[in-house]
2 protein chains.
Amino acid sequence: MSIKKVAKLAGVSTATVSRYLNSPEQVKEKTRNKVQAAIDEVGYAPNALARNFRRGKTSLIVVVLPAIGDPFLDKVMRGIWRVADEQGYSILIRDTQSNSHEFDEYTEMVFSKQADGILLLASISPFHEAAPNRGGERAHPPLVLGLESVSAELSHFPSVRVDNITAAADGTDYLIQLGHQRIGFIAGKRDSLLTKDREKGYRKAMRKAKLAISSDWIVEGEQTIDGARRATRRLLELDQRPTALFCANDEMALGALHEIKSAGLKIPRDISVIGFDDIRYAEIADPPLTTIAQPAEEIGERSMRRLCQAIDAGDGDSTPEIVPHNLIVRKSTGKAPG
Amino acid sequence: MSIKKVAKLAGVSTATVSRYLNSPEQVKEKTRNKVQAAIDEVGYAPNALARNFRRGKTSLIVVVLPAIGDPFLDKVMRGIWRVADEQGYSILIRDTQSNSHEFDEYTEMVFSKQADGILLLASISPFHEAAPNRGGERAHPPLVLGLESVSAELSHFPSVRVDNITAAADGTDYLIQLGHQRIGFIAGKRDSLLTKDREKGYRKAMRKAKLAISSDWIVEGEQTIDGARRATRRLLELDQRPTALFCANDEMALGALHEIKSAGLKIPRDISVIGFDDIRYAEIADPPLTTIAQPAEEIGERSMRRLCQAIDAGDGDSTPEIVPHNLIVRKSTGKAPG
DNA sequence: TTGTAAGCGTTATCAT
DNA sequence: ATGATAACGCTTACAA
């Protein structure tokens with residue numbers, strides 16, 4: 001009952017107050033002043049709930065990410081926020097660590113009008129069951145995939161990312177050029193499409209160089225420091241241990257660095273290590289980490305723009321946007337020993 | 001027009017559908033089945049917007065934090081989420097890096113019903129101007145301070161945190177016991193109450209030990225790795241450089257470690273370093289970082305609970321909840337040289 | 001146990 | 001340029 005109060009006080013109709021709020025140019029200056037005075041007097045603030053209800057829009061975007069506190073997402077989020085602010089959206093964050101991994105849980109948020117769209121920056125299991133009848137409404141909510149590569153079920157949706165396969169192949173190539181032949185790979189979780197793709201790139205480069213891959217060389221690092229440390233330990237215990245290690249992301253590479261040094265080995269003299277993402281800790285790692293950088297902020301910005309399009313314009317095309325990656329050579333990689 | 005559709009299809013009134021949704025026990029089993037069948041058939045999902053509007057509740061909490069991608073907040077957020085899920089709240093995140101630092105901007109979100117409450121995990125400038133007349137409504141929105149210490153203006157609000165002064169004094173004491181006399185302090189930003197308190201603790205411990213503090217020893221590290229590196233460089237250039245360094249948080253300590261090593265000095269032989277927070281990178285730093293741990297998840301959980309109280313119960317008491325800190329000794333600290 | 005109907009605050013349509 | 005009013009989808013007295 002608040003716009004009403006203002007209206008009464010200003011001696012105008014509620015419609016005029018509403019117009020003043022939303023398109024002031026349609027209101028005569030004299031009236032504008034009266035309304036503004038009334039607003040100031042009662043300390044009126046528009047009820048966003050009512051407004052959104054009326055408009056059928058939440059002005060909220062769910063961003064689904066693996067874990068908050070991931071230093072890589074820091075930069076991605078900055079890009080997202082820039083566009084969100086510009087377009088009047090607020091960001092609702094869900095992480096798949098504390099919450100579920102079910103695709104439906106997030107689509108449901110759109111159908112039940114808790115959010116207008118979804119920005120997926122994490123791996124989840126798509127379409128747990130067949131989507132239920134949505135009463136004739138679009139079965140696909142506005143959704144954009146950032147970072148992750150796309151599984152078949154999700155290929156309808158637009159995505160913005162680097163070419164993970166090529167990028168990982170580039171990194172592996174670099175190690176091969178340094179003379180490494182036994183190259184290990186620390187992968188992420190089983191269900192992560194993204195690290196799966198990086199593994200593919202690694203395999204591809206090895207194959208191209210006609211280097212055999214022992215199945216012992218590929219270990220799961222669980223996308224965590226500790227997981228990577230365990231994985232590294234296993235790698236170091238091999239009879240013929242790798243002379244180089246490709247980690248599917250920097251977080252795991254950091255764990256690997258620590259574990260290798262703890263084992264009394266020197267980097268890169270005994271083992272070279274390469275990561276992926278170029279998080280801010282990569283540069284100050286000891287030794288500074290060679291890694292593959294992604295234009296994180298750009299990814300955030302562009303995926304958010306795509307999402308806005310999807311929301312406004314129905315859908316649009318869904319060809320993936322590929323952004324460039326960039327190998328950054330630091331001190332954690334060197335010539336193969338011997 | 002959707003609950004209506006369900007109602008018509010089920011041959012009941014909208015009220016019954018609503019009751020079924022909100023308190024099924026009030027509905028006869030036979031009716032329940034009819035309603036559920038209708039819901040399934042049309043693929044109905046309750047419109048959260050309408051529901052929240054009607055209830056006058058957004059079921060949203062704004063969490064204000066310095067930067068997403070801060071590894072310390074990772075753990076805090078997990079605690080927050082646990083309670084939020086339990087209580088049916090979603091989390092709206094704003095960071096003060098991309099957004100503004102104005103207190104009013106966040107309070108406004110409550111007054112305009114974009115959110116039900118505010119969880120402040122960052123320093124902001126409180127009450128830019130006198131709060132405008134809120135038309136008789138409560139001038140203070142539900143708000144809890146996590147982590148940060150409280151400035152005079154914000155002391156009305158409940159807070160949950162460690163005793164930063166005592167904790168920093170404990171850390172400093174530890175250095176003093178190791179024989180250090182020249183101890184530097186890398187502070188955060190000027191407007192961070194939290195690092196201000198840690199500085200106070202450092203000063204307190206020094207005073208108690210009757211050690212003089214040269215003004216050169218306290219430098220601003222801007223709460224970033226790079227800022228800390230610059231600050232460290234300045235400290236290393238002093239004629240009489242400190243033999244130990246207290247960094248107001250681990251992020252800065254990491255930068256300091258790197259810079260000290262880059263200068264060819266050994267840690268802790270030449271300089272000891274101590275941090276604050278015990279982020280996950282502290283343990284794998286080189287050398288592993290001595291630091292003061294906070295029960296991050298507990299802080300998140302308890303501050304969220306306080307906030308729920310503040311929302312439901314009006315206000316309640318606002319005495320700060322102090323949680324225990326814990327000095328974790330690793331390898332970055334050692335006896336004073338000489 | 002169920003139905004009727006008012007009302008939440010805003011926007012938008014249609015007159016004036 | 002402004003006013004009257006219906007409508008958005010849901011909840012909740014109050015009645016039956």
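Per chain, numbering begins at 1; letters A, B, ... match sequence-line order.
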Counting only side-chain heavy atoms from C-beta out, which of [options] sits nearest to [X]?
| X | options | result |
| --- | --- | --- |
| Arg19(A) | dT13(C), dT12(D), dG9(C) | dT13(C) |
| Ser2(A) | dA4(D), dT10(C), dA5(C) | dT10(C) |
| Arg54(B) | dG3(C), dA6(C), dG9(C) | dA6(C) |
| Asn47(A) | dT2(C), dT10(C), dT2(D) | dT10(C) |
| Phe53(B) | dT11(D), dC8(C), dT5(D) | dC8(C) |
| Thr14(B) | dT11(C), dT2(C), dA5(C) | dA5(C) |

For atom [atom1] of [X] and atom [atom2] of [N], their distance in whole Å:
| X | N | atom1 | atom2 | value |
| --- | --- | --- | --- | --- |
| Gln26(B) | dT12(D) | CD | C1' | 11 Å |
| Asn33(A) | dA1(D) | CG | P | 15 Å |
| Arg55(A) | dC8(D) | CZ | C1' | 13 Å |
| Glu29(A) | dT2(D) | CD | P | 11 Å |
| Lys30(B) | dT1(C) | NZ | P | 14 Å |
| Gln114(A) | dG9(D) | CD | C1' | 15 Å |
| Lys57(A) | dT11(C) | NZ | P | 14 Å |
| Leu21(A) | dT11(C) | CG | C1' | 11 Å |

| said: Using a 4.0 Å heavy-atom cut-off, does Val17(B) contact any base of the nucleic acid, only the sugar-phosphate backbone, or nothing at all? | reply: nothing

| request: Would you indicate what Asn52(B) reaches in the nucleic acid, counting non-hydrogen atoms under 4.0 angstrom: base, sugar-phosphate, or nothing? | output: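 Result for Asn52(B) = nothing.
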
Does the side chain of [X] pick up a donor-acceptor pair with the side chain of [Y] at under 3.5 Å?
| X | Y | result |
| --- | --- | --- |
| Asn52(A) | Thr58(A) | no |
| Ser23(A) | Glu25(A) | no |
| Arg94(B) | Ser90(A) | yes |

| request: Kindly assign one of parallel, tilted or perpendicular to the pair His140(A) and Phe157(A), based on the angle between their ring planes and the thresholds 30° and 60°. | output: perpendicular

| Any donor-acceptor pair under 3.5 Å linking the side chain of Asp116(A) with the backbone of Lys57(A)? | no

| message | Has Arg32(A) got a side-chain atom pairing as donor or acceptor with Val27(A)'s backbone, closer than 3.5 angstrom? | response |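 Yes; at least one donor-acceptor contact below 3.5 Å.
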
Under 4.0 Å between a side-chain N/O of [X] and OP1 or OP2 of [N], yes or no?
| X | N | value |
| --- | --- | --- |
| Ser13(A) | dA4(D) | no |
| Arg51(A) | dT11(C) | yes |
| Ser18(B) | dC10(D) | no |
| Tyr20(A) | dG3(D) | no |
| Thr16(B) | dT2(C) | no |

